[in-house]
Amino acid sequence: MKKLDANFFRRDVLVVAPELIGKILARRYENGKVERYRITEIEAYRGEEDLACHASKGRTTRTEVMYQDGGKVYVYLIYGMYHMLNFVTSVELEPQAVLIRGIDGFDGPGKLTKHLLIDKTFYGEDLASSERIWVEDDNFPAKFTTGKRIGIGYAGEWEEKPWRFILSSK
DNA sequence: GTAAGGATTGGC
DNA sequence: CCAATCCTTACT
């Protein structure tokens with residue numbers, strides 16, 4: 001079982017996203033208990049020019065972490081009710097991130113963060129050194145399919161990009 | 001300062 | 001189909 005370090009995330013989001021499919025998301029709770037889930041669905045958000053990416057608004061307090069080096073956690077609240085879990089990819093000044101949309105047993109970005117007790121205190125967490133959340137590679141031979149990203153009807157032509165990756169083998 | 005709307009979900 | 005619910009951004 002290998003823990004993914006920052007170098008894994010310091011690449012283009014369109015390279016990292018498909019490789020993350022089938023990887024293991026590990027979460028250690030305050031009571032010390034560790035739970036592991038296979039990542040089943042991911043979406044890629046790529047740069048300021050991607051109108052669906054929050055960084056298209058520029059570097060703000062909210063998007064700051066996306067401009068940092070890859071391997072960080074980006075969490076934000078949507079619709080006043082759900083926290084979305086993202087991992088920053090690429091290098092400094094290249095705002096890219098992957099949204100974790102589904103893990104084994106919890107299909108849906110809002111559901112999985114609710115179950116894993118992920119909230120905005122995870123904003124900026126370093127996946128390589130965190131004791132609360134990290135990603136592991138168990139050499140699972142993952143296969144995946146792609147599709148359009150969900151819920152971004154305002155993004156014009158960017159809505160058509162096949163930047164959603166779904167695990168197809170189990 | 002004020003207003004509009006969102007990378008969602010579950011219930012009617 | 002629509003409300004829940006609050007943070008971020010845009011605009012007066």
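Just so it is clear: chains get the letters A, B, ... in the order the sequence lines come, proteins before strands, and each one is counted from 1.
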Which part of the nucleic acid does [X] contact within heavy-atom distance under 4.0 Å: base, sugar-phosphate only, or nothing?
X        : value
A/Arg149 : nothing
A/Gly110 : sugar-phosphate
A/Lys111 : sugar-phosphate
A/Ile152 : sugar-phosphate

Within one Ile-Leu-Val-Met-Phe-Trp-Tyr cluster: [X] and [Y], side-chain cutoff 4.5 Å:
X        : Y        : value
A/Phe140 : A/Val98  : yes
A/Val65  : A/Val135 : no
A/Leu14  : A/Ile42  : yes

Fill in: DNA chain B: 5'-most and 3'-most nucleotides touching chain A, 4.0 angstrom heavy-atom criterion
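Endpoints of the contacted stretch of DNA chain B: B/dG6 to B/dG10.
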Atom pairs and distances, donor-acceptor, side-chain atoms in residues 83-94 of chain A, under 3.5 Å, two or more places apart:
unit_1, atom_1, unit_2, atom_2, d
A/Asn86, ND2, A/Tyr74, O, 3.0
A/Asn86, ND2, A/Met84, O, 3.3
A/Thr89, OG1, A/Gln96, OE1, 3.4

Item to complete: List in numerical order all residues of residues 82-90 of chain A for which some heavy atom is under 4.0 Å away from an atom belonging to DNA chain B.
Response: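 When residues 82-90 of chain A is checked for heavy atoms under 4.0 Å from DNA chain B, the hits, listed by number, are A/Tyr82, A/Met84, A/Asn86.
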Fill in: Short side-chain donor-acceptor distance under 3.5 Å, A/Trp134 and A/Glu136
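A pair is found: one side chain offers a donor N or O, the other an acceptor, under 3.5 Å apart.
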Practice prompt. Could you tell me whether A/Arg149 and A/Asp50 have a side-chain N and a carboxylate O separated by less than 4.0 Å?
Written response: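 Salt bridge: yes.
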Worksheet entry | Basic-acidic side-chain contact under 4.0 Å: A/Lys72, A/Asp126 |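 So A/Lys72 does not pair with A/Asp126 through a salt bridge.
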Item to complete: Write down the distance separating the P atoms in C/dT5 and B/dT2, rounded off to the nearest Å.
Response: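 Roughly 23 Å separates the two P atoms.
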Fill in: Contact boundaries on DNA chain C for chain A, cut-off under 4.0 Å to non-hydrogen atoms
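Nucleotide range in contact with chain A: C/dA4 to C/dA10.
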Discussion item. Let me confirm one number: the OG-CZ distance from A/Ser130 to A/Arg27, rounded to the nearest 0.5 Å.
Written reply: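 Reported to 0.5 Å precision, the distance equals 8.5 Å.
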Worksheet item: With a cut-off of 6.0 Å (strictly less than), are more than 12 heavy atoms of other residues, nucleotides or ligands near CD of A/Glu30?
Response: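 Check fails, neighbour count at 12 or below.
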Item to complete: Check for a donor-acceptor pair, side chain of A/Tyr123 on one end and backbone N or O of A/Arg62 on the other, with a separation under 3.5 Å.
Response: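 At least one qualifying donor-acceptor pair exists.
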Item to complete: Determine yes or no for a side-chain-to-main-chain donor-acceptor pair under 3.5 angstrom, with A/Arg11 supplying the side chain and A/Val16 the backbone.
Response: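 Not at all, since once roles are kept as given, no pair shorter than 3.5 Å links the two residues.
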Worksheet item: Which heavy atom of A/Leu51 sits nearest a heavy atom of A/Ser56, and at what distance?
Response: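 For A/Leu51 versus A/Ser56, the nearest heavy atoms are O-OG, 3.6 Å.
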Item to complete: Counting Watson-Crick and G-U wobble pairs whose two distances are both under 3.5 Å, find the runs of 3 or more in a row that involve DNA chain C.
Response: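 Looking at DNA chain C, the stems formed by three or more consecutive pairs are B:1-6 with C:6-11, B:8-11 with C:1-4.
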Item to complete: Provide the full list of ring-ring contact (aromatic ring centres under 6.0 Å, His included) pairs with a residue in residues 51-70 of chain A, sequence neighbours left out, each pair given once.
Response: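 Output for this query lists A/His54-A/Tyr76.
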